[in-house]
Amino acid sequence: MTGQVRTVDGRVAGRRGQATRQKLLECLGEMLSSSPYRDVKVIDVARKAGTSPATFYQYFPDVEGAVLEIAEQMATEGAGLTQLLEGRSWVGKAGWQTSQELVDGFLEFWRKNDAILRVVDLGAAEGDKRFYKIRMKILNSVNNSLTDTVKELQAKGKVDKDVSPAAMAGSLVAMLAAVASHQKGFQTWGVKQAELKPNLALLVHLGVTGKKPTK
């Protein structure tokens, strides 16, 4: 952890306090994986962390405040998704590899953070601007890079001038997010993970370049 960590009343937390605070966040994160968000109570988080509700309230105003902290940390990590597109080629076989690695990285990030992302999606859907901003921070890391990619290909005459880079990128990112959050659902349709990835990558490649990939 970097920077100063403060308690709810503004005091700077010492090393032991920071460790306790992080332990509470980790325990809450584990509980979100197995319990509905609305069912998680402060006393249960504190008990799991081996401390008291009073200690929890030293660091967080309520469960939602702690959840937002986890979500912010996750969103910061999610900003790194832009690295999947930085300096990458979309021409020839390299383009097919780029689309595959984007899909791999996006789906893996969603799987890793499935529990907290479900809470973020719920909060955003209910109109909570704090959760909405976190969701958009994650999606923007890919959306902005994809928009730039389509613009660059358009400038080189490789993408039709009638294509809207922002609309195309936004549509692809929304598709990736929807598929990523529905990964378990594909199994009920008889679609294996090994089948999902290349077909999703194909759609991404078609959307970005307007061409079938060279494999």
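Here the CZ-CD distance, from F106 to E101, works out to 16.0 Å after rounding to the nearest 0.5 Å. Distance check: E126 CD to D121 CG gives 11.0 Å after rounding to the nearest 0.5 Å. Considering CG of L24 and OH of Y57, their distance stands at 11.5 Å, rounded to 0.5 Å. Summarising the geometry, atom CG belonging to L146 is positioned 9.5 Å from atom OG belonging to S141; distances are rounded to the nearest 0.5 Å. Note that CD1 of I134 and NZ of K129 are 15.0 Å apart. Values are rounded to the nearest 0.5 Å. Rounding to the nearest 0.5 Å places CD of Q100 at 11.0 Å from CG of L200.
Side-chain atoms of K156 and V91, non-hydrogen and from C-beta on, never get closer than 4.5 Å to each other. The side-chain heavy atoms of V150 and W90, taken from C-beta on, include no pair separated by under 4.5 Å. Here the side chains of F60 and V42 are not in contact, with every heavy-atom distance at 4.5 Å or above. Looking only at side-chain heavy atoms (C-beta outward), Q58 and T20 stay at 4.5 Å or farther from each other. Using a 4.5 Å cut-off on side-chain heavy atoms (C-beta onward), Q193 and L107 make contact. In this structure, the side chains of K137 and T76 come closer than 4.5 Å at one or more pairs of heavy atoms. Residues L102 and R88 fail the side-chain proximity criterion, which asks for heavy atoms closer than 4.5 Å.
Grouping the Ile, Leu, Val, Met, Phe, Trp and Tyr side chains by contacts below 4.5 angstrom, directly or via other members, places I43 apart from L32. L202 and L85 end up in different hydrophobic clusters when Ile, Leu, Val, Met, Phe, Trp and Tyr side chains are linked at under 4.5 Å.
For the ring pair (Phe, Tyr, Trp, His ring centres under 6.0 Å) test, no residue two or more places apart in sequence or in another chain qualifies with W96. Every residue two or more places apart in sequence or in another chain was checked for a salt bridge (charged side-chain N to carboxylate O under 4.0 Å, His left out) with E26, and none qualifies.
Summarising the geometry of T98 relative to S89, their closest heavy-atom pair is OG1-O, 2.7 Å, with the distance given to 0.1 Å. In plain terms, the two heavy atoms of P53 and A46 that are nearest each other are N-CB, 3.6 Å.
Ion pairing between a basic and an acidic side chain is recognised when a charged N comes within 4.0 Å of a carboxylate O; R47 and D44 show such pairing.
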Show, in sequence, the C-alpha distance, side-chain angles and deciding distance for L117 and I138, and conclude whether the side chain to side chain contact (heavy atoms under 4.5 Å, CB included) test is met.
CA-CA 10 Å; L117 279 164; I138 298 165; 3.9 Å; yes
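Within the structure, salt bridge (charged side-chain N to carboxylate O under 4.0 Å, His left out) pairs that include any residue of residues 174-191 do not occur (at least two apart or interchain). Evaluation of the side chain to side chain donor-acceptor pair (under 3.5 Å) test over residues 103-113, restricted to residues two or more places apart or in two chains, returns E77-K112, D104-K197, E108-R111, R111-Q183.
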Under 3.5 Å donor-acceptor pairs involving side-chain atoms of residues 172-182, not counting sequence neighbours:
from: S181; atom 1: OG; to: A177; atom 2: O; distance (Å): 3.2
from: S181; atom 1: OG; to: A178; atom 2: O; distance (Å): 3.0

Under 3.5 Å, which donor-acceptor pairs link side chains of residues 208-215 to any protein atom two or more places apart or in another chain?
from: T209; atom 1: OG1; to: H205; atom 2: O; distance (Å): 2.7
from: T209; atom 1: OG1; to: H205; atom 2: ND1; distance (Å): 3.2
from: T209; atom 1: OG1; to: K211; atom 2: N; distance (Å): 3.1
from: T209; atom 1: OG1; to: K211; atom 2: O; distance (Å): 3.3
from: K211; atom 1: NZ; to: K158; atom 2: O; distance (Å): 3.3

